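Here the structure is laid out as structure tokens; the discussion comes afterwards.
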Number of protein chains: 2
Amino acid sequence: MAVTIKDIAVEMGITPSSVSKALNEKSDVSTDLKRKVRQVAQEMGYKKNMLAVRLVTMKSNTLGVFIFSRTKIRNSESTAYKYLNIMLNEAKKYGYDIVLFSIESSLSENKSYIDLCRERQVEGALFIGFENNDYHLEELVHSGLPVVMIEKNISSENTGCVMVDNAGGISLGMNYLFTLGHEKIAFIKGHFAAELSEIRFSQYRKMMEEKNIYSDRLVFEGDFSLESGYAVGLRISEMPELPDAVFASNDLMAIGVIRAFSEKGIKIPDDISLIGFDNFEIGKYVQPKLTTIAQNFSDIAESAVTMIFNMINSGLHGRSVLLDPELIVRESCAINKKYTD
Amino acid sequence: MAVTIKDIAVEMGITPSSVSKALNEKSDVSTDLKRKVRQVAQEMGYKKNMLAVRLVTMKSNTLGVFIFSRTKIRNSESTAYKYLNIMLNEAKKYGYDIVLFSIESSLSENKSYIDLCRERQVEGALFIGFENNDYHLEELVHSGLPVVMIEKNISSENTGCVMVDNAGGISLGMNYLFTLGHEKIAFIKGHFAAELSEIRFSQYRKMMEEKNIYSDRLVFEGDFSLESGYAVGLRISEMPELPDAVFASNDLMAIGVIRAFSEKGIKIPDDISLIGFDNFEIGKYVQPKLTTIAQNFSDIAESAVTMIFNMINSGLHGRSVLLDPELIVRESCAINKKYTD
DNA sequence: CTGTTAGCGCTTTCAT
DNA sequence: ATGAAAGCGCTAACAG
């Protein structure tokens, strides 16, 4: 049996409440008693039982974070950890614990996310990789529980969202490609279940349509994985006429394309330009170095945690914050040769 | 205020204890009452308060997982998530929650890991990326708390460990290299604070010494990062005479080497062979495809969770389990040309 | 300053 | 089959 404040109270011949007060540095207890209690507690190996504390104070000091590990959305596997790590450190600053929930499939879950939160008394929930068409969304929005999502735009009274300005990121890349003289720009979509796939694609489509150069035959389905990028790269390499450039929805797929083109003897950026999205570190090590759109994962996670604590403490309603992306020019894009002719 | 069993008891004109029993499907309560209670609970939006349950039952149903996010050990950032994800899903099968602790630096932490565990009443702790010289180790070993570590060989009454057979993995790679006729084999060490760095290096050294071909000038310091691999690659490229092969302690560093060699016009595997360790998916997409030693991250994490539940439930003492690595032959190694001459 | 009392929400003997 | 009572470990008024 673990030692309790009661144990140390009998040991010292005082009462549990005095021990509690002393240990909690309350002002209405003598410095001397505090010192003694601390010492005895130390000697007896006392450790506070947070379960009891949290029950009595009605405050769990806990955040729930949900990560969606469906293998389908491959990308999340790589990015979720970047977010998680920062969240953890931020939460620690506030003295909060993080309990992790992994969701394999929204359909197979009997427990709703809200139920999980309520049972654990979490004060707020962070979501990484929420899928389109997850029928639990409605429930979250009306739950009253502070919720902030990453990579899923949703704002209501109690829900907020933070992500990179995906449309802005695509604009950055597209304008750069246009400046280089590219017009036949292929696009590789991300996984259909991720909202940002649609956002990125829509912006691409809009910008192509504005120039009257949009064509369905330039868009390819991907799922954020290296493998899907590779598969698309192979298909592109077999097109009767190569596009001027390809915009991959993320770096991983772009790297798959590099592999495919390399096997087919297509030179990047001489024969075709390539741009990714995410700015994964690996992009600096592939050949050629990948030009990409950077999103700051740390900033996103940090903002998310800040937002949720604002909601918890100040009751602010959820907002939707978009962080600025940045164009990282490396070596995978070049001026369109047809243009210079 | 959330609805409690007391609320539903008054609502139904029965007592809290009956509600509790009904909700918990105890045998000494009528099927009819169970049905009714369930329905009322449902209607009133009752959610069990796990804090209270856990306090009264003296069972937290919680596992703690510690991840060490010191930026120094870059590799852990990439591998930790692979482990974490599996742990999460495994723990869920047992009905356990996972609370996450991130450790930035063992020195700056005032709270010991054990204190964190005791306070949260966790039933067992999983460690990912434990560093050498972490002075909390001793305390863990004598804590009596079930602990299992990944990537850190430690076994005592209450501590266990699971990792890939790192020495065996190095043997696999070295023998392969020897078979190919390589003798001047350079080695890039991993981060010094990771135990497996030492294990991998020792085995390399041992095998080189057995052939009397060990030389300090063939070993380079790395830290598991792409960047450090790149830096070492550059240094190797400037050696008066190129080694026959280089064995990088992990894939990330190997990829850094590929980049460096590519810049210096050194052809892999024609001019020099290269082998990594980990079998990251990216290895299939770099040029040339990376030959490597595979470790199964899922199996490791799964074994770790299984082990900790065995310790929790059956009081088994900690064991040290080593999983088999596998040689994955791709394209980065070739027969030594000097050998064929 | 220290002690007394009550109770957080739940489970669990033990009665009835 | 249901109820009464006690208590998990702790904090928080309120007294003294």
Side-chain angles (χ1 to χ4, degrees), chain A residues 1-38 40-41 44-62 95 97 115-123, chain B residues 1-38 40-41 44-62 95 97 115-123:
Chain A
M1 231 17 261
V3 17
T4 70
I5 54 171
K6 197 174 172 183
D7 296 329
I8 108 163
V10 310
E11 173 72 21
M12 298 182 69
I14 59 174
T15 104
S17 66
S18 295
V19 176
S20 171
K21 287 177 193 167
L23 255 17
N24 290 315
E25 297 290 336
K26 297 293 179 188
S27 53
D28 62 346
V29 61
S30 69
T31 331
D32 191 48
L33 217 222
K34 282 178 189 165
R35 199 181 41 71
K36 283 183 189 157
V37 170
R38 253 199 311 267
V40 177
M44 298 178 71
Y46 170 77
K47 296 297 168 248
K48 186 180 283 218
N49 183 336
M50 297 306 281
L51 253 35
V53 174
R54 289 168 182 178
L55 178 61
V56 69
T57 57
M58 305 282 273
K59 191 152 188 341
S60 71
N61 266 253
T62 302
D97 280 351
D115 286 358
L116 289 169
C117 290
R118 297 275 183 236
E119 287 184 356
R120 274 73 175 183
Q121 314 293 115
V122 308
E123 298 178 30
Chain B
M1 229 19 262
V3 18
T4 69
I5 54 171
K6 197 174 172 184
D7 296 328
I8 109 160
V10 309
E11 173 71 23
M12 298 181 68
I14 59 175
T15 109
S17 64
S18 296
V19 176
S20 172
K21 287 177 191 169
L23 255 17
N24 289 315
E25 298 289 335
K26 296 294 180 190
S27 54
D28 62 346
V29 60
S30 68
T31 331
D32 191 49
L33 216 224
K34 282 179 188 164
R35 200 180 40 71
K36 283 183 189 155
V37 169
R38 252 199 312 267
V40 177
M44 298 180 70
Y46 170 77
K47 295 298 169 247
K48 187 181 283 218
N49 183 335
M50 296 306 281
L51 253 35
V53 174
R54 289 167 181 177
L55 177 61
V56 68
T57 58
M58 305 282 273
K59 192 154 188 338
S60 72
N61 267 258
T62 302
D97 281 349
D115 286 358
L116 289 169
C117 290
R118 296 275 184 237
E119 287 184 357
R120 274 73 176 183
Q121 314 292 116
V122 308
E123 298 178 30

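Note that the structure is a prediction, hence the values are computed from the model and not measured.
In this structure, A:Glu25 places its CD atom 16 Å from C1' of C:dT2, rounding to the nearest Å. Residue B:Arg54 contributes atom CZ, which lies 18 Å from atom P of D:dC10 at whole-angstrom precision. Between A:Leu55 atom CG and C:dC8 atom C1' the separation is 4 Å, expressed in whole Å. Rounding to whole angstrom units, CG of residue A:Asn61 and P of D:dT11 are separated by 13 Å. In this structure, B:Ile14 places its CD1 atom 11 Å from P of D:dA4, rounding to the nearest Å. If you take CD of B:Gln121 and P of D:dG9, they are 9 Å apart, rounded to a whole angstrom. Computed from coordinates, the B:Met58 CE to C:dC10 C1' distance equals 14 Å when rounded to whole Å. Taking atom NZ of residue A:Lys59 and atom C1' of nucleotide D:dC10, one finds them 16 Å apart after rounding to whole Å.
Atoms CZ and CG, on A:Arg120 and A:Asp97 in that order, are 14.0 Å from each other to the nearest 0.5 Å.
Checking each of A:Leu33, A:Val37, A:Val29 against A:Ser18 for a side-chain contact (heavy atoms from CB on, under 4.5 Å) leaves exactly one that passes, namely A:Leu33.
Within 4.0 Å of B:Ser20, counting heavy atoms only, lies at least one base atom of the nucleic acid. Using a 4.0 Å heavy-atom cutoff across all strands shown, B:Leu33 reaches sugar-phosphate atoms only and no base atom. Using a 4.0 Å heavy-atom distance criterion, A:Lys48 is classed as a sugar-phosphate-only contact.
The shortest heavy-atom contact between A:Ser60 and B:Leu51 is CB-CD2, 4.4 Å. The nearest pair of heavy atoms linking A:Val3 to A:Gly45 is CG1-O, 3.6 Å.
Between A:Ser18 and C:dG3, a side-chain N or O to OP1/OP2 separation shorter than 4.0 Å is present. Using a 4.0 Å cut-off, some side-chain N or O of A:Lys26 falls inside it from OP1 or OP2 of D:dA12.
Taking 3.5 Å as the limit, the base of C:dG3 and the side chain of A:Lys21 contain a donor-acceptor pair of atoms between them. Looking at B:Ser17, its side chain comes within 3.5 Å of the base of D:dA4 through a donor and an acceptor atom.
For the helix from C:dC1-D:dG16 to C:dT16-D:dA1, the rotation axes defined at the first and last 5 base pairs enclose an angle of 40°, given to the nearest 10°.
Taking a cutoff of 4.0 Å between a charged side-chain nitrogen and a carboxylate oxygen, B:Glu123 and B:Arg54 do not qualify as a salt bridge.
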**Message:** Between A:Lys6 and A:Glu11, is the salt bridge (Lys or Arg N to Asp or Glu O under 4.0 Å) condition met? List the steps.
**Reply:** CA-CA 8 Å; A:Lys6 197 174 172 183; A:Glu11 173 72 21; over 6 Å; no
**B:Asp32 vs B:Arg35, salt bridge (Lys or Arg N to Asp or Glu O under 4.0 Å): CA-CA, chis, key distance, verdict** = CA-CA 5 Å; B:Asp32 191 49; B:Arg35 200 180 40 71; 2.8 Å; yes
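Here D:dT11 is the nucleotide among D:dG9, C:dG3, D:dT11 with the atom lying nearest to any side-chain atom of A:Ile5. Nearest to the side-chain atoms of B:Asn49 among the listed nucleotides C:dT2, C:dG9, D:dT2 stands C:dG9.
In terms of position on DNA chain D, the residue among B:Val56 and A:Val53 whose nearest nucleotide sits closer to the 5' end is B:Val56. Both A:Asn24 and B:Ala52 lie near DNA chain D, and the one whose nearest nucleotide falls closer to the 5' end is B:Ala52.
A:Asn24 and A:Lys34 form no side-chain donor-acceptor contact under 3.5 Å, judged by distance and modelled atom types alone.
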